[in-house]
Amino acid sequence: MIDLRSDTLTKPTADMRQAMATAEVGDDVYGEDPTVNALEARVAALFGHEAALFTPTGSMANQIAVQLLVPPANELLCDADAHVVTYEIGAAAALGGVSSRTWPALGSEVDPAAVAAMIRPDGFWAVPTRAIAVEQTHNRAGGAVIPLGTLQALRKVADEAGVALHCDGARIWHAHVADGVPLTAYGELFDTLSVCLSKGLGAPVGSLVVSNAQRIAKARWIRKRLGGGMRQAGILAAAGQHALTHHIGRLGEDHGRARRLAEALAEFDVVDAARVRTNIVPLDLSRSALDAPSLGVAAREAGVLVSVLGPRVARLVTHMDVDDAGIDTAIDVLTGIFKR
Ligand SMILES: Cc1ncc(COP(=O)(O)O)c(C=O)c1O
């Protein structure tokens with residue numbers, strides 16, 4: 001099977017497993033796991049921040065950041081298609097007592113002036129806005145990369161309103177590779193970032209919250225309350241260390257393969273290949289004779305797995321476990337289906 005459903009499906013490489021097997025460990029709830037401590041220090045430094053906290057999932061990292069920035073009965077603003085309000089099962093409200101309000105799903109084309117106009121200050125018996133969240137790259141917008149200039153403008157909006165700025169950077173590595181923006185340049189714009197080691201970088205588990213030392217101390221406490229205090233987590237952190245060392249540099253290959261898939265499928269009017277800049281190829285089947293579930297079934301029968309996200313929406317994601325030959329086969333299978 002050529003599995004193009006998600007970049008979370010990658011299996012640890014033999015070298016990664018070796019690094020995990022030989023990791024030095026301790027009890028991380030006691031702060032005594034040297035491999036976790038080293039990973040946290042490394043990721044904080046990558047983004048030019050003081051501290052970072054290892055979490056089991058990106059969702060937990062996002063929710064810890066939301067709770068750090070937005071007190072109960074206050075408000076978070078984000079894109080209507082953001083992971084934090086689409087796939088985190090109401091956690092901001094259920095766990096943090098946080099109200100969320102969204103701007104229309106705009107992907108990377110977020111308008112800082114429109115966001116500024118949404119901010120509600122204290123004192124008018126309305127829920128006050130405390131933070132703005134953006135997603136880099138934007139998953140549901142097909143791995144779209146928010147330009148650095150837009151993020152800088154949003155920072156200005158946040159500063160002028162006295163609210164915080166969070167980045168769901170599950171795939172910030174992909175943006176860094178696609179746009180050549182240094183990770184520190186992203187880091188300096190945000191009060192908190194969540195970053196994932198298990199999406200595209202090939203680690204089996206692991207994300208981090210990145211911020212200043214004071215917030216990360218509180219984040220440790222929130223993580224424990226959420227049940228995310230892990231013990232000999234160095235085995236997992238070692239996979240993350242290996243991923244950072246060996247798997248960021250190769251992301252350009254995944255971007256090239258996604259572009260190749262998109263260019264092959266563009267003739268069927270299901271994707272705008274020019275918009276595919278990272279590892280996600282969104283398929284819009286609204287003008288196609290084929291609907292998404294039928295595409296999913298036909299592709300599976302021919303050995304290719306695609307994500308079916310709606311009646312007319314599907315998605316292909318490239319990653320470490322699909323090479324050039326796999327993409328050639330996927331192109332043959334999918335173009336064959338569209339030609340039927
Ligand atoms: C943009 C984005 N943020 C956060 C997450 C959450 O990660 P996890 O599945 O580890 O909770 C994902 C997962 O795919 C994601 O795509």
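None of these values were measured; they are calculated from a predicted model. Order of appearance sets the numbers: ligands from 1, and atoms from 1 within every ligand.
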*asked:* Which residues pass the salt bridge (charged side-chain N to carboxylate O under 4.0 Å, His left out) test with E50, not counting sequence neighbours?
replied: none
*Return the set of residues passing side chain to side chain donor-acceptor pair (under 3.5 Å) with E109 (not counting sequence neighbours), or none when no residue passes.*
R275
*Ring-ring centroid check H247 H242, cutoff 6.0 Å*: yes
*asked:* Less than 3.5 Å apart, any donor N or O on the side chain of Q67 or R225 sitting next to an acceptor on the other?
replied: yes
*Using a threshold of 4.0 angstrom between heavy atoms of the protein and any atom of ligand 1, which residues qualify?*
T57, G58, S59, N62, H83, E135, N139, D168, A170, R171, K199
Please list, one pair per line, the donor and acceptor atoms closer than 3.5 Å that link side chains of residues 160-167 to other protein atoms, with sequence neighbours excluded.
unit_1, atom_1, unit_2, atom_2, d
H166, ND1, T192, O, 3.2
H166, ND1, T192, OG1, 2.8
H166, NE2, N62, OD1, 3.0

_Using a 3.5 Å distance criterion without hydrogens, assess whether the side chain of S307 forms a donor-acceptor pair with backbone atoms of R5._
yes
